[in-house]
There are 4 protein chains.
Amino acid sequence: MENNKENKFERILNAAIKVIGNKGFHNAKIKDIAVEADVADGTIYNYFQNKEDILVTIFKIKLEEYVNNAKKEIANIIDPKEKLKVLIKYHVKIMTDNPDLAKVLQIELRQPHVELRVKVRKNLRNYFRVIEEVIEEGKKNNIFSPELDVYLAREMFFGTLDEVISTWVFTGMSRDLTLYIDKIYDMFLKAFN
Amino acid sequence: MENNKENKFERILNAAIKVIGNKGFHNAKIKDIAVEADVADGTIYNYFQNKEDILVTIFKIKLEEYVNNAKKEIANIIDPKEKLKVLIKYHVKIMTDNPDLAKVLQIELRQPHVELRVKVRKNLRNYFRVIEEVIEEGKKNNIFSPELDVYLAREMFFGTLDEVISTWVFTGMSRDLTLYIDKIYDMFLKAFN
Amino acid sequence: MENNKENKFERILNAAIKVIGNKGFHNAKIKDIAVEADVADGTIYNYFQNKEDILVTIFKIKLEEYVNNAKKEIANIIDPKEKLKVLIKYHVKIMTDNPDLAKVLQIELRQPHVELRVKVRKNLRNYFRVIEEVIEEGKKNNIFSPELDVYLAREMFFGTLDEVISTWVFTGMSRDLTLYIDKIYDMFLKAFN
Amino acid sequence: MENNKENKFERILNAAIKVIGNKGFHNAKIKDIAVEADVADGTIYNYFQNKEDILVTIFKIKLEEYVNNAKKEIANIIDPKEKLKVLIKYHVKIMTDNPDLAKVLQIELRQPHVELRVKVRKNLRNYFRVIEEVIEEGKKNNIFSPELDVYLAREMFFGTLDEVISTWVFTGMSRDLTLYIDKIYDMFLKAFN
DNA sequence: CATGAATGAGGATTCATTCAT
DNA sequence: CATGAATGAATCCTCATTCAT
């Protein structure tokens, strides 16, 4: 029972990721999501307040999950450079493993709707913090330049990966992005030095 | 007067940039644009095929303008490094001078609607080509590493700037971005080396 | 305890009177009534056929009760005038003691839904009959004018009381209506003479 | 043009009176009103803010009209008794001439929805004032008892007529109500004496 | 009998687009 | 060309009712 309910929540959430990822928020109809989740339209409203709440929840749940796992991935690593590489790998892996989620994050991150963006962006900040902490650490250990601007470095880190994923998503997701990881890593290392 | 002489096409286009920039494409109503342009709803359809065409035209006209001017800016410069710096400056200048346009480009670049996105991205490619040519040139002149992946370098260039602008736009456009130009430039130089 | 022993049928019925009285039939949700009665939504359907049936039952049960008690009140009175006064008193007392019920009767008596109204009005006729019998009796005893139109007299009796209660209900139920009883009684006596 | 617009507003208003009168506010669908008025659904929203606004406007326009005409009817009459009779006649005439409007007034006057009722009741007060002024005048001229409670007299006047109309409406509108006018008038005269 | 999650039909409202003036 | 009233398709959400547990 508990399980079943959990199940339905996740089913709707994943259906929403798929549908919103493919059609975009505004073109994703509640009916589409309901059909994809194999529930009635009304059932969605037993789990979400309204359509917007679905989007916000996707960001909340999925980014939380992402950040927690990213933290775990680098937890036992000492070298900040190695941490950076793992973060790149993880970013690319998650996005290429979940292209629909990638699309939702790519696309709907840029909502102009103020309230919505605030809610959505809030969840992203935790990820930014993880990146910045690694960069800070690298600075302290003299691995990165003491003059490196942490904020800009993080923008470069996220911006570059985001753009690479974005291009990948918007060109049919055919390329194998793992091939670029080492090159991206090298560029970051040099840039941060 | 000056304002009245400005032809209607431009008035509508600029009104659309303002409204779409602030509300996003889907929340921008034709009526909003008409009011902003001080024309009747129907008049818009004498200049544009439909709502989508307005967005496509913004990208077409404004990116064309942008690319042409960017080309001019670097036309008389010989040093690829200097060209890179000018491109950064120009990118930042245009976006901070036209925040509404910046928002439209930022936001609607990630159109989920496939056909629309294809039309919109098409115009961006010319800008990408300009960047890539500068990088290529730098490689040839041994200013950038011969092993530099041009595609990735361009992704880093555009992705980083895009992210910096995006953060600026979405945090209230208060910061003075020109202060970052030199730092960003230095990071690119190192990364491309 | 006392409250818990009160059987569910009555709990639901009274909850319905409260909720429908405050929100009106169409704005009263089954869930509201269920919450007020402290039962599950589905439980209501073990005691009532459907939402409409609740309203019909309120009229049936409460008006039956009302008419029976009204009859008892005047059973041992001989003077038709005195009976009239008691009926006025009783009408005012019941309605002011049960403002939620008063609201339901006031409001839903005017159901536009034909079938529903027929069912609802049917129960009112017994009350009309009681009033008319007292007036008839008064005519026979030469206490009221032999030319008095019984139907109109009853309309005046009920219409006036209904309007007085209605105004009272819709102006916040602050006034003390018992102060008006004698005056209303006097006006009826004169009108019926 | 002006005329045409005026026309459409009235067409929708009258269609709404007809449909709401027959089905009640909650069962009257916007589509029903649109079909009856021979306009598109959306057109209604060019003239009214929303569904509720239609109802409120009916009360506002029609009661204003009613009160103005009622005032005119009694403007040249000196005898308060005669004024009372004319008011009765006029009330009955308007309601029997416009049974759909009568139903709307009868039925929707008792909405429990607080905000709605406030708006609706506000328009009724002007009619109450007219009645009360006539009764006041009758008291001053010693035609009605100096002890007559004006408020109660007005409640009786309106309540009785309202109930008579209500019964007429709810029993198929077959009876000829003009036959009752003299009798009602006589009862009021006696009651107010 | 009691529960409350699931259902899905139904409807008010929005808004891009048209076209008569 | 300009207008803006009219259109009507499209969709989010509500809520009475059911039924498996």
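Everything quoted here is computed from the prediction, not taken from an experiment.
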Taking for each residue the nucleotide of DNA chain E with the nearest heavy atom, is it A/T43 or C/I44 whose nucleotide lies nearer the 5' end?
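The 5'-side residue here is C/I44.
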Are the charged groups of A/D41 and A/K31 less than 4.0 angstrom apart, N to O?
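Salt bridge flag = yes for A/K31 with A/D41.
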Want to settle it: does D/K31 or B/K31 sit nearer the 5' end of DNA chain F, counting the closest nucleotide to each?
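Its nearest nucleotide lies further toward 5', so the answer is B/K31.
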Taking the nucleotide of DNA chain F with the nearest heavy atom to each, does B/G42 or A/D41 sit closer to the 5' end?
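Its nearest nucleotide lies further toward 5', so the answer is B/G42.
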Using OP1 and OP2 only, check whether a side-chain N or O of A/K8 sits under 4.0 Å from E/dA5.
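No, A/K8 has no side-chain N/O under 4.0 Å of OP1/OP2 on E/dA5.
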From CA spacing to verdict: side-chain contact (heavy atoms from CB on, under 4.5 Å), C/N123, C/K62
CA-CA 9 Å; C/N123 297 289; C/K62 293 296 171 178; over 6 Å; no
By the 4.0 Å heavy-atom rule, please label D/I30 as base, sugar-phosphate, or nothing.
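Touches a base.
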Under 4.0 Å, heavy atoms only, any strand: does C/A28 hit a base, just the sugar-phosphate, or nothing?
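The answer is sugar-phosphate, as C/A28 gets under 4.0 Å only of primed atoms, P, OP1 or OP2.
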Per A/K29 side chain, nearest of listed nucleotides F/dT18, F/dT7, F/dT11:
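Among F/dT18, F/dT7, F/dT11, the one nearest the side chain of A/K29 is F/dT11.
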Select one nucleotide: of F/dA16, F/dT3, E/dA16, the one nearest the side-chain heavy atoms of B/Y45.
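Between F/dA16, F/dT3, E/dA16, the one nearest the side chain of B/Y45 would be E/dA16.
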Only counting residues at least two apart or in another chain, list the ones meeting side chain to side chain contact (heavy atoms under 4.5 Å, CB included) with B/N98.
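By the side chain to side chain contact (heavy atoms under 4.5 Å, CB included) rule, B/N98 matches B/I94, B/L101.
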Nearest-Å distance once atom P is located in both E/dC1 and F/dT21
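The answer is 22 Å between these two P atoms.
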Tell me the interatomic distance from [X], atom [atom1], to [N], atom [atom2], rounded to whole angstroms.
X     : N      : atom1 : atom2 : answer
A/I33 : E/dG8  : CD1   : P     : 17 Å
C/I12 : F/dA16 : CD1   : P     : 15 Å
A/H26 : E/dC15 : NE2   : C1'   : 13 Å
B/F9  : F/dC1  : CZ    : C1'   : 16 Å

For atom NZ of D/K18, is the number of surrounding heavy atoms from other residues, nucleotides or ligands below 6.0 Å larger than 12?
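12 or below, so no.
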Is there a side-chain contact (heavy atoms from CB on, under 4.5 Å) between B/I54 and B/Y47 once you walk through the steps?
CA-CA 9 Å; B/I54 301 176; B/Y47 295 90; over 6 Å; no
Which residues in residues 46-59 of chain B have at least one heavy atom lying under 4.0 Å from any atom of DNA chain F?
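The answer is B/N46, B/Y47.
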Look through every strand shown and name the nucleotide pairing with [N] as Watson-Crick or G-U wobble, where both distances are under 3.5 Å.
N      : answer
F/dA9  : E/dT14
F/dT17 : E/dA6
E/dC1  : none

Using only atom types and a distance under 3.5 Å, with no angle test, would you say the side chain of D/T43 pairs donor to acceptor with the backbone of D/V39?
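Not confirmed, D/T43 side chain does not pair with D/V39 backbone.
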Verdict with reasoning, B/E64 to B/I61, per side-chain contact (heavy atoms from CB on, under 4.5 Å)
CA-CA 5 Å; B/E64 215 162 72; B/I61 302 250; 5.8 Å; no
